[in-house]
Every structure is written in C-alpha cells, then in structure tokens.
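Below you will find the structure I want to go over with you.
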Amino acid sequence: MCGFIGVIGADDAVREIYDGLVAIQHRGQDAAGIITYDNGRFHVKKGEGLVRDIFTVANVERLKGNLGLGHVRYPTVGSGGGEDAQPFTVNFPFGIAMAHNGNVANYEDLRGDLEHESLRVLYSGCDVEVILNVFAGALARSANGTFTPSAYHAAVKEVYRTVRGAYSVVGFVAGHGLFAFRDPYGIKPIAVGRRATPDGYAYAVASESVVLSTTDYELIPGCAPGEALFIDLDGTVSRAQVAEPHHHPCVFEFVYFARPDSYLEGISVYEARIRMGERLAKVFQAEGHTADVVVPIPDSARTAALAMAQALGIPYHEGLVKNRYVGRTFIMPSDGERKRSLRHKLNAIEEEFRGKDVLLVDDSIVRGHTSKQIVQLVRHAGARRVLFASMSPPLVHPCVYGIDMSTRREFIARDRTHAEVAKEIGADAVIYQTLPDLVGAVTEKNPEIRKMCTACFSGDYPTGDITSSMLLQIEHERIAQEH
Ligand code: SF4
C-alpha cells in the first residue's frame, strides 16, 4: 500500500507535494519521489527512506513548476531498491509521469507482452511501470499525434481492459494536464480537492483526504471506480465513466492503514473505528469475558479501544508507550526487521498492568510474532490475565491488491481455532471482530457502499480473476523478498 499526491495549478507545486507526502508518510516508509514539469522539462528527485531524509532545501528548490506528483512507497511487486521508487516517466507520447497505489495481479504476463510483443525495455520491477507502458501505448494510438481528453479516456479504457488487480493511479501528461484513474473495483481510494487561486482553481488528487485537508484543499467528489479524471492546465475538469463500476473498497484501510483523520468513500475513518470498538465490546460481553483495564496497542487501535472501554464501562489506560521514531512494524519489509524493531518500539508502564486482568486491543493479528512479544511484555509488567482483542476478524488469506501482509502459511489464524491462537501468542483468550460487524461498522454511515473487499478475511477476491497460480506466484515473490 503506497501513498501519492498530484497537484496542478498551484504556484510552486513541490511545496504542497512535499507537505502532502509528509502527511501520508504512514502509507510507506521505504522510498519516496517527486516529479514536476516546467518549461518543457521534467524535474525529478527520488530516493530510499523517509521523505524528510530524501528531500533537502536544495533539491526541492530545483523541482519547479505548477504541475507535479509525489509518492511514498511501501514495497509490493519488485525488489524494492532505489530503481523501483516512483513516480516513473516515459518520453513518448507527449511525456507522461505516473505513480500508483495498488498491485497489478497479471504483472508477469503484461511485462512479458511489453518486452516480447511491444519490444519495450522496463527500467524496474515496479508494477506501475507496466501500467504506464500500457497506458502510453494506448494513448499513442488514441491520440494519433494530438492530445485530447477523449484520447486520454480511451487510453484509460484500454488499461482497464488489460491490467488486472487493484490500482489507483495519478499522473500527468507534460504540457497538457493532471490525470487520475481508479480500477473498476475501486479497491484503493482517490480523494480529489480544489482551492481557489487568483488565477482560477488549483486541484490536487491524493490517496487519502488528510493530504488535501493539510494542504488547504476543499474536498470535492473523488475519483469513482472505473472513472477517468483529467484536469487541464486551465483548470477544466473532464470526468468520464469508461468502465462499469463494481465498487469494493478495501475494508482494511479503515482498520489499519488510513489515518483516523481521513475520510474514505465519504466515511470518517475515526468514526468507523469507534463503531468497530463498540461492536467488538458486544462480542467480548457475549463471550463472557471480564477485565480490569483496557489498553490499546498504539497507534491504530487507540480509537477502537477507547470506544470498547466506554461501551464496557472499563477504565481505559495507555499502558504501552510507543517510541514514535521507530517505523511501523507491519510495513517493515522483512520479518527480521519487524522483530528487531519491536523491541525498541514499545515499553510498558508497570503500574498499569501489575495484578490486573488486562484487555489489550490491536487492529489485527497477522503472523502473531508482534502480538506474542506484546503479551510477554505485559505479563512481564505484572498482568494477572491477558486478553487480546482484534478489531478485525482472523486474517487467513493473502492480499493480492497491495498490502504485503503475509504468505498463507504464515497467518497465525490459518487452521487454528481462537483458543489455539490465544495459546500461540501466550494470551488467556483472543476476541475477534466478526466480519459482518467489521463491514457493518464501516458501511453503516454510507449505505451506498454495498460491498467491500474482505478477501484477506474471506478469501473472496472481488476481481474474480485471482487464480491459485497467481496466489502461488505472489507467495513465491514474497518469500524471495524475505531472504
Ligand atoms: S485483501 Fe484485505 S487488505 Fe487486501 S484490498 Fe482486500 S480487504 Fe484490503
């Protein structure tokens, strides 16, 4: 899962892009890049690491123009080296820059077609380069020498026809304008905003609304699934529904990935997490558990834990303190790095645990290594009993749409009962959210969302084209990346 921002019409677009990337740094800490366009030239800076470490005053100064893109990367397909940092460019037709959030399910097939049939050479192992080349080839044909929004719409239609998986894309056509499109399943979000300027409107598109609010853009309707959005240099917006939508937004964005101050699909992530906590409290009660204190595992579980504590009438205490300068364990590329970083990441305040029955609340349980270490930490701090609640149901299937959670054999809940999971992580009990409750907590305030992607819990992949050989291939790539 990555994050992006695209800007058109703002003086010195790079400043807003930089601020936007800092606002979505949580979506990927592996690499980042910014590209702008001005006076017939691309200006690019990319690198590995955090936004604040890659960009300096000197290299931001040279990224001139009022049109540009930025990206923070969380590795999916590809080696994850510097050559895979986004955005990417092609010089034909017109000059195109592109970045994305998601994962191309038929990457290997498309890469083979591009290399052997279209005789193209790709620079990287990053799947957006495949989308970019498919798009560029289609745009060359549909534009036939003259760029028009309808030629752009036709090119996006060709991408939808060819590229499988989940992808939200932002890009620009040099000298013409900014674009964004989102696969027909709308698994990954795209928020759109605008701001009045002395010369008309400036526009921005981003993976999360928080980027727009922190850079002073007013939210307008986002990019719909199957829609192709284009904003030209004069600020004229053209939207076309070029593929039939089958909307299935990712439910896990609401659980873990998005910032709580973001709105996705018109739903407040913060409020959805409150409802998750309230619903989880009912499961806790129905299973007959009791506890003296509710403690969140920071940060993403805080909101739900507080709501759960209030619903149960149990004190809420922040007994675990996080060192905010250590990266998120879940998006550390290798398991070794995850284990090492956890030891430096959380510390327990012993008084909050000593002699108590503790209810820990986390967003999910993936491999269980982190959960086990936290349970040990809390027992070491003197807890009498440790109950472990998960805001989401058991994770048992790999995500093929861009969240590198695990391979099937690594999911702790796969082929284990709740009691067996509890035993594995050393807890007295685990309490899982049910899938209907999770989906209900998200969709309750937006009945227009009739379906969500829940594949990592249910195995029901909404795109319908995920074969067992694709799952195996993705699994092999992830295992290879771990070593
Ligand atoms: S499989 Fe899970 S994490 Fe992946 S897109 Fe679907 S709900 Fe989100």
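Treat the numbers as computed from the prediction; the structure is a model and nothing was measured. Numbering of ligands and ligand atoms starts at 1, following listing order.
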Checklist line | Presence of salt bridge, Glu424 and Arg414, under 4.0 angstrom | finding: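 Result for this pair is no, no salt bridge flagged.
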
Checklist line | Modelled atom types, side-chain donor and acceptor of Tyr401 and Thr463, under 3.5 Å | finding: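 There is such a pair between these side chains.
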
Item checked: Heavy-atom donor-acceptor pair, Tyr74 side chain to Gly3 backbone, under 3.5 Å ->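 Looks like no, no N/O pair under 3.5 Å.
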
Margin query: Can you confirm whether the side chains of His247 and Glu448 place a donor and an acceptor under 3.5 Å from each other?
Written below: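 There is no such pair between these side chains.
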
Checklist line | Residue and atom names of protein N/O/S atoms that fall under 2.8 Å from atom 8 (Fe) of ligand 1 | finding: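 Near atom 8 (Fe) of ligand 1, below 2.8 Å, one finds Cys250 SG.
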
Next item on the list: Return the minimal non-hydrogen interatomic distance between Arg182 and Tyr160, and the atom names on each side.
Entry: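 So the two residues come closest at O-OH, 2.8 Å.
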
Note to self: Is the shortest side-chain heavy-atom distance between Val72 and Phe4 below 4.5 Å?
What the structure shows: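 The answer is no, as the side chains (C-beta and beyond) never meet within the 4.5 Å cut-off.
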
